[in-house]
There are 2 protein chains.
Amino acid sequence: MTIECPAPRHEDEVVLLGHGAGGRLTAELLDRLILPATGGGHGPLEDAALLPDHRDLVISTDGFVVSPLFFPGGDIGCLAVHGTVNDLAMRGAQPLALTVSLVIEEGLPLADLRAVMQSLGKAARDVGVPVVTGDTKVVGRGAADKLFVTTTGVGRRHSALHPSAALARPGDAVLLSGPVGLHGTTVLSTREGLGFESDIASDTRPLHRLVAALAPLGPAVHTLRDPTRGGLAAALNEIAHASSVAVEIDERAVPVPGPVASACDLLGLDPLVVANEGCLTAFVAPDAAEDALTALRSLPEGAQAVRVGEVLPDGPAGRVTLRTLVGARRIVDMPLGEQLPRIC
Amino acid sequence: MTIECPAPRHEDEVVLLGHGAGGRLTAELLDRLILPATGGGHGPLEDAALLPDHRDLVISTDGFVVSPLFFPGGDIGCLAVHGTVNDLAMRGAQPLALTVSLVIEEGLPLADLRAVMQSLGKAARDVGVPVVTGDTKVVGRGAADKLFVTTTGVGRRHSALHPSAALARPGDAVLLSGPVGLHGTTVLSTREGLGFESDIASDTRPLHRLVAALAPLGPAVHTLRDPTRGGLAAALNEIAHASSVAVEIDERAVPVPGPVASACDLLGLDPLVVANEGCLTAFVAPDAAEDALTALRSLPEGAQAVRVGEVLPDGPAGRVTLRTLVGARRIVDMPLGEQLPRIC
């Protein structure tokens, strides 16, 4: 169950698949190359940024390169809406407007493009967010793989809800709104024809209603994160790092659907590092934990919400541990990042 | 000098390169497939959209797939900043925040990525707009061509400046801030090794200062457009169509640099359909035309601003004509769109 962690390869001369997988290599690329060049990197990296001079508004952008375009439970179109809506929601915001930028490979069947755009449009209407503008580029055959979609969203924050990856505090309850591992194993199984795809489906869904349900708890909601690329392991490590706290979760409490566990066993994957697109983890003050669980469970998408752990009263800053089924403790590392390319 | 216009191919079953070239095929794809699916398409298509509930803010998104990544005068990094800043500027807005989403092909030299990101960061600093958030995806070798960059910008409108493609009026003076054809011919010449690339350079530059210089003229500035994909021909056709007016320009007045004219002659291109990334066309009330020209010429990027034509007092709605050097008139059609793929 331990995660392989070779020494970071700072001196690689080319971009590796793992640089885009949301793990340590991604963090290194950001820290060493992208953020210094663009002048960013002050403060914790959040799912969405505050808009200058308009602190009630947040903005987030996300590129989607999932392969295949269509998979059980969704497609790149609805995924591109949910992913950006959820990044806004993790900053306590409801979506206000969405933009869509397409890069299409010449030769893509128009029927596929239509199906993706209809799914995207339906997902946006279901969320209640207008697609206000977009862009379309076409590149020659072989210069892209079918279709890439970049969505950018602007959201308005709930006035009392200002969650941040840097605000987790000792004693916080760590909640999870639903089971882990569905999206990543579904896409991988579909792409590789592993056979699990008939038993599982992506959990891609919008999470803004769960966040609205948590809004009445206001400042007791310290941190929200949707564990996408890099899975729950990456999300918890980012929070532990940004908040300088130690996080411990209970393996027994983390809901892993049977087919996900089987697929992960076969693939040698830890379900904790597999991408999700329809659940969130919330760090809340201990005396608000029950109310938060009740709020999450009041909606279908949070019906299976559980408490999975806590922020330790003391412990090494940035460390995430798992109490295993047999009562041992193991460290949950930040995944290095190469195991699941093009999952979102 | 006439532009080939075969009958529109509505029944094509696959996406064609021309669907992304900013001409008639792009308009058809938008009208028939993308806008119906996403629920958009009410009102004229503008370079940037108003943000719901925040009418002082506009938002624009643009994907950049230019090949090669580096060309005389610029690269995909600064181009991605300028393109989005300029789309905001064409709605009378100054840029407030920028997001950057990368799709990188595995194997891209880190040195190339660094050079692009440094150019992007420098361009953003020069404009004075912060890069507030971003996203990085990596796809396998052969699944993308080196690097695609999508930028999204939010801008704040000048309070008195509300230009729109639908606001051109009979009698308006048609102004152009600088020479046409440089960007498209430079990229094409560099990509194909045609030899013109030593004599010309892309005009990629931000145009928001020109717009700020026009702001004191307020409502006399009816329409602003930067003639990118599809060139001046596409921009004028879009305006004539959205405003239901007839536009006439004077071939003698349109500044075409010598090397651009030579390259276009060799390639069989009309300079009017070649992409620009550093000039704008402004439709202004006739009694404000001289003040507008003075304002544009007060800045280096507008030093060569000229009046190129006018909106006819009457004439068929949506028609654009050119008075040729020999005094004849020809129709300037909306380019179909396939002549210059991956120019931006």
Side-chain angles (χ1 to χ4, degrees), chain A residues 12-17 19-20 26 29-30 33-34 37-40 48-49 51-53 59-63 65 96-97 99-104 106-110 113-114 117-118 120-121 124-125 130-140 142-145 148 150 152 154 341-342, chain B residues 12-17 19-20 26 29-30 33-34 37-40 48-49 51-53 59-63 65 96-97 99-104 106-110 113-114 117-118 120-121 124-125 130-140 142-145 148 150 152 154 341-342:
Chain A
D12 281 301
E13 292 183 288
V14 300
V15 176
L16 308 173
L17 274 178
H19 279 125
T26 303
L29 187 71
L30 282 171
L33 193 156
I34 292 178
T38 58
L51 208 62
D53 304 340
I59 187 166
S60 181
T61 193
D62 226 342
V65 298
L96 192 63
T99 71
V100 178
S101 174
L102 307 175
V103 175
I104 311 172
E106 179 191 17
L108 179 74
L110 279 180
L113 181 62
R114 184 176 286 112
M117 294 313 296
Q118 287 176 343
L120 185 153
R125 285 190 299 277
V131 177
V132 295
T133 190
D135 183 53
T136 305
K137 293 291 192 304
V138 181
V139 298
D145 186 9
F148 303 145
T150 297
T152 306
V154 174
R342 299 191 61 190
Chain B
D12 278 302
E13 292 183 286
V14 301
V15 176
L16 307 174
L17 274 178
H19 279 124
T26 302
L29 187 71
L30 282 170
L33 194 157
I34 293 177
T38 57
L51 207 62
D53 304 340
I59 186 166
S60 181
T61 193
D62 226 343
V65 298
L96 192 63
T99 71
V100 178
S101 174
L102 307 175
V103 174
I104 311 172
E106 179 190 18
L108 179 75
L110 279 180
L113 182 61
R114 183 176 285 110
M117 294 312 296
Q118 287 177 342
L120 186 154
R125 285 190 298 277
V131 176
V132 296
T133 189
D135 182 53
T136 306
K137 294 291 191 305
V138 181
V139 299
D145 186 10
F148 303 144
T150 298
T152 306
V154 175
R342 299 188 62 187

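Every chain is numbered from 1, with letters handed out A, B, ... down the list of sequences.
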Contact check, side chains of [X] and [Y], non-hydrogen atoms, under 4.5 Å:
X: A/Leu102; Y: B/Ile34; value: yes
X: A/Thr38; Y: B/Met117; value: yes
X: A/Ile59; Y: B/Val132; value: yes
X: B/Leu17; Y: A/Glu106; value: yes
X: A/Val138; Y: B/His19; value: yes
X: B/Thr136; Y: A/Leu29; value: yes

For this session: Tell me, out of B/Asp145, B/Thr61, B/Ile104, who's got the most heavy-atom pairs with chain A below 4.5 Å.
Result: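 Going by pairs under 4.5 Å, I would pick B/Thr61.
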
Exercise. B/Leu108, B/Leu120, B/Thr99, B/Leu113: which one forms the most heavy-atom pairs within less than 4.5 Å of chain A?
Worked result: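 Winner by heavy-atom pair count: B/Leu108.
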
Please look at [X] and chain A and tell me whether the side chain, the backbone, both or neither of the residue comes under 4.5 angstrom of a heavy atom of that chain.
X: B/Val103; answer: side chain
X: B/Ala124; answer: neither
X: B/Thr150; answer: side chain
X: B/Val154; answer: side chain
X: B/Leu96; answer: both

Exercise. Closest approach of A/Ala144 and B/Phe148, non-hydrogen atoms and distance?
Worked result: CB-CE1, 4.0 Å

For this session: Any chance you could measure B/Arg114, atom CZ, to A/Leu33, atom CG, to the nearest 0.5 Å?
Result: 4.5 Å

Problem set entry | Nearest-0.5 Å distance, CG of residue B/Leu51 to OG1 of residue A/Thr133 | 11.5 Å

For this session: May I ask you to name which of A/Ala97, A/Pro109, A/Gly140 has the most heavy-atom pairs under 4.5 Å with chain B?
Result: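 Option with the greatest count: A/Pro109.
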
For this session: Return the set of residues passing side-chain contact (heavy atoms from CB on, under 4.5 Å) with B/Arg125 (not counting sequence neighbours), or none when no residue passes.
Result: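 side-chain contact (heavy atoms from CB on, under 4.5 Å) list for B/Arg125, sorted by chain: B/Lys122.
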
Exercise. Ignoring hydrogens and geometry, is there a side-chain-to-backbone donor-acceptor pair from B/Lys137 to A/Gly63 under 3.5 Å?
Worked result: yes

